[in-house]
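Below is one structure, written out as structure tokens; the observations come after it.
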Amino acid sequence: MKKWYAVIGDPIAHSLSPFMHDLWFEEHGIDATYIPIHVQPFELENAFHSMKALGVSGFNITLPHKQSIIPFLDKLDETAVIMNAVNTVTYNGRQYIGWNTDGDGFVRSLSAQPITRNEKVLVIGAGGAARGIAFALKRADFTDVTITNRTHRRAVELANDCGSSALTLKEAEAALSDFSIIIQTTSVGLAKDEALPISLERVSTGSLVADIIYNPLETPFLKAAKEKNCTILNGVGMFVYQGAIAFEKWTGIQPDTEKMIQIITEKLGGNYVNR
Ligand code: ATR
């Protein structure tokens, strides 16, 4: 029987996940489909029970349900516990298990670049996304990770939790040339005219500067990094790899991520706007 998967969110119409997973199902001759479902917060519990009753094989969760889905699940993987947020649910025939593939998705995207794990990494931000990435960097054996954040207390908390160190924004700006990998995880950059989360004045030429945002493809932060002759990495890779990890959990198959990054980038290169 045909299997079905889904992504639930509010809004959901512009999610690229259905396109991506359907293409992977097709490529691998898997008889399955992946549908976007618009679920408003007050309907989340009903929606989850309905999906169970209708035999969903697995699903993704996007804003604003990543935390509120947790009470309904049978079990959480460590990745979801660390982030206190779930973006992927698997079903093993008995239990619905929550995972968070965002942090590992980012690190896989980063690891596809010519870098080594002993380079000095600066993570800007201390919210949910930064938390997922900081722990995933540790899991992937990056040895030198520093967190900086507008609210310093949150940077210190995250650094203590994941065994890294923390700097104030001012300290990080002053020491920026020490870091060869800089990862921007805040929401600054979603709006065109927003300021940069940190000044790139002292960044070293040739550093890798990454942003987890993929729409726009080039945030003001990445533009500024390019002007400083840095290598830039946008959030398309993270988006594709977080989906690929979910796909692997559901099907046991590793999909073609490189081709998908190209396809999604081309799709976003036009006038695609999702907010
Ligand atoms: P997410 O789950 O997407 O990471 P979040 O938990 O709300 O979202 O975290 C948002 C992050 O963006 C935080 O690091 C936040 O900094 P504060 O802890 O100081 O709030 C950061 N952020 C948001 N707007 C910012 C801005 N205008 N300048 C600098 N940092 C900003």
Side-chain angles (χ1 to χ4, degrees), residues 7 9-12 14-15 17 41 60-70 76 79-88 98-107 109-110 121-138 145-162 164-174 176 179 182-201 203 209-216 219-225 233-239 241-243 274-275:
V7 56
D10 177 25
I12 200 62
H14 300 286
S15 168
S17 294
N60 288 125
I61 299 124
T62 188
L63 301 177
H65 306 310
K66 287 184 172 191
Q67 284 187 340
S68 36
I69 193 74
I70 289 175
L76 291 186
T79 51
V81 174
I82 283 166
M83 290 179 74
N84 191 30
V86 168
N87 78 336
T88 299
W99 310 74
N100 201 309
T101 67
D102 283 334
D104 289 329
F106 177 82
V107 172
S109 163
L110 183 67
V121 182
L122 179 68
V123 175
I124 305 166
R131 177 164 286 268
I133 288 170
F135 275 90
L137 287 167
K138 284 286 166 181
V145 177
T146 301
I147 318 283
T148 188
N149 188 48
R150 178 177 62 179
T151 309
H152 184 56
R153 175 185 50 80
R154 296 185 78 195
V156 172
E157 267 170 30
L158 175 52
N160 286 341
D161 288 352
C162 72
S164 54
S165 46
L167 291 177
T168 64
L169 281 182
K170 275 213 152 49
E171 289 166 343
E173 280 175 350
L176 206 59
F179 297 95
I182 297 166
I183 304 166
Q184 189 321 92
T185 74
T186 77
S187 45
V188 179
L190 282 171
K192 277 192 189 116
D193 54 352
E194 268 188 289
L196 306 184
I198 195 171
S199 160
L200 286 172
E201 194 54 39
V203 73
V209 176
D211 201 317
I212 64 167
I213 294 168
Y214 61 88
N215 192 9
T219 58
F221 189 68
L222 290 187
K223 279 205 173 75
L233 178 67
N234 65 29
V236 174
M238 175 179 178
F239 169 71
Y241 281 103
Q242 64 74 33
N274 76 349
R275 59 189 82 237

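Counting starts at 1 for both ligands and their atoms, in listed order. Quick caveat: nothing in here was measured; it's all calculated off a predicted structure.
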*Just one of Asn100, Asn84, Val81 clears the side chain to side chain contact (heavy atoms under 4.5 Å, CB included) bar with Leu76, so which one?*
Val81

Contacting atoms of ligand 1, where contact means under 4.0 angstrom from a heavy atom of [X]:
| X | answer |
| --- | --- |
| Ser187 | 12 (O), 23 (C), 24 (N) |
| Gly125 | 14 (O) |
| Arg154 | 6 (O), 13 (C), 17 (P), 18 (O), 20 (O) |
| Ala129 | 1 (P), 2 (O), 4 (O) |

*What pairs with Thr88 under side-chain contact (heavy atoms from CB on, under 4.5 Å), at least two apart in sequence or on another chain?*
Asn60, Trp99, Thr101, Ala246, Trp250

*side-chain contact (heavy atoms from CB on, under 4.5 Å) partners for Val236, two or more places apart*: Tyr214, Leu217, Asn234, Val240, Ile261, Ile264, Thr265, Leu268

*Could you check which of Ala195, Gly128, Gly132, Ala155 puts a non-hydrogen atom nearest to atom 2 (O) of ligand 1?*
Gly128

Taking heavy atoms and a distance under 4.0 Å, where does [X] meet ligand 1: side chain, backbone, both or neither?
| X | answer |
| --- | --- |
| Asn149 | side chain |
| Thr186 | both |
| Arg150 | both |

*Within a radius of less than 6.0 Å around CD of Glu201, do more than 12 heavy atoms belonging to other residues, nucleotides or ligands occur?*
no

